[in-house]
Amino acid sequence: MTTSQPAAEPGPDDVGARPSPSISRRALRDGVYDALLEKILDGSAPAGSSLTIDALARELAVSPTPVREALVQMEHTGLVTREALKGYRVAPPMSREQLEQLFDMRLILEPAAAARAMARIDELLPELRAAHARHEAAAERVRRRLDAGRPAYGEGFAELREYFTSDWAFHLAIVRASGNVFLQQSLDSLQTHIQRMRQTADHGRLDMEEAVAEHAEVLAAFETREPTTVDDALRRHLHAVAGRVSSDG
């Protein structure tokens, strides 16, 4: 007569071998969120357009559930709106008042972070130079695309997305160097609003030349190691971006 053996205890190699259903579901929702965000930012889902859950699920080859969850998440950020019995729509462009408030917040947070980053200037400078170089390179790739007569939005959005990411990374490098985790979390919380600001701006106009030049001025200001020079350069940049976005909106 044979006796049944007790089930083997999971060994260290078995831990984490299979992702939990909740992790898999969250990863799927996040993937759908990224795909929907790209549709909004690249112009294929313009402001005011309808976002139908079933149609999006078919397009993305997923079930309706992660699409619904991603849209709920987007509603919290203001990127989409929901009306009873009508469903979801891409949010309208940011109003002038909202843009002013967004940049008012950035003008509070970023100069404060830059002032604190001066204490870590030797650590910051190499990272900031590298971030600026990536921003320049990304801008050049988009510029070559435009010079060749190919659009930056739509099918060319991958390169433009890289440009936007590198632009934001330059600012994040300064905030990280502040050493204040709450300042960093506050700026991180603005990222979806920055994305909505880009949605608001006219897709026909890109301010790459100005932005790259202004980042160069901010970098040069940090290299002087003069806090007042840094503060002036950063504020000039933020005011300039605010002015360009407002004129586009």
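- A heavy-atom distance below 4.5 Å is found between the side chains of L190 and L109.
- E214 places none of its side-chain heavy atoms less than 4.5 Å from the side chain of R236.
- Hydrophobic clustering (side-chain heavy atoms under 4.5 Å, transitive across Ile, Leu, Val, Met, Phe, Trp, Tyr) groups L183 together with F103.
- Under the 4.5 Å side-chain criterion, counting only non-hydrogen atoms from C-beta, R244 is in contact with V241.
- Using a 4.5 Å cut-off on side-chain heavy atoms (C-beta onward), L36 and L71 make contact.
- Between R106 and I194, the closest side-chain pair of non-hydrogen atoms falls below 4.5 Å.
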Worksheet item: Under the side-chain contact (heavy atoms from CB on, under 4.5 Å) criterion, do D122 and R225 qualify, and how do the steps go?
Response: CA-CA 10 Å; D122 290 331; R225 298 173 183 262; 2.9 Å; yes

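- Of the residues H132, H237, E210, the one that meets the side-chain hydrogen bond (donor to acceptor under 3.5 Å, both in side chains) test with H215 is H237.
- Using a distance-only test at 3.5 Å, with no hydrogens or angles considered, a donor-acceptor pair links the side chain of R116 to the main chain of A112.
- Residues M208 and R143 share a closest heavy-atom pair of CE-N, 4.1 Å.
- For E97, the CD atom is loosely surrounded, since the number of other residues' heavy atoms within 6.0 Å does not exceed 12.
- When all heavy atoms of L219 and F170 are compared, the closest pair comes out as N-CZ, 4.3 Å.
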Report, one line per pair, each donor and acceptor closer than 3.5 Å where one atom sits in a side chain of residues 73-91; sequence neighbours left out.
from, atom 1, to, atom 2, distance (Å)
T77, OG1, M74, O, 2.7
T77, OG1, L79, N, 3.4
R89, NH1, G48, O, 2.9

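- Pairing each heavy atom of V32 with each of L60, the nearest pair is CG1-CD1, 3.9 Å.
- Counting heavy atoms from C-beta outward, V245 and L102 have side chains that stay 4.5 Å or more apart.
- Side-chain heavy-atom separations under 4.5 angstrom define the hydrophobic clusters, and the remaining members of the one that includes F182 are V181.
- Using modelled atom types, one finds a donor on one side chain and an acceptor on the other under 3.5 Å when comparing E110 with H171.
- A heavy-atom distance below 4.5 Å is not found between the side chains of H193 and M105.
- Nearest heavy-atom pair across A173 and L124 is O-CD1, 3.5 Å.
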Item to complete: Verify side-chain contact (heavy atoms from CB on, under 4.5 Å) between R141 and R145, making sure each step is shown before the conclusion.
Response: CA-CA 6 Å; R141 284 190 286 273; R145 183 177 187 87; over 6 Å; no

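- Judged as a side chain to side chain donor-acceptor pair (under 3.5 Å), the pairs with a partner in residues 52-69 (not counting sequence neighbours) are, in order, R25-E69, K39-E59.
- Hydrophobic cluster membership is shared by L28 and L51, with clusters built from Ile, Leu, Val, Met, Phe, Trp and Tyr side chains linked at under 4.5 angstrom.
- Within the 4.5 Å cutoff, the side chain of D188 has heavy atoms near those of the L172 side chain.
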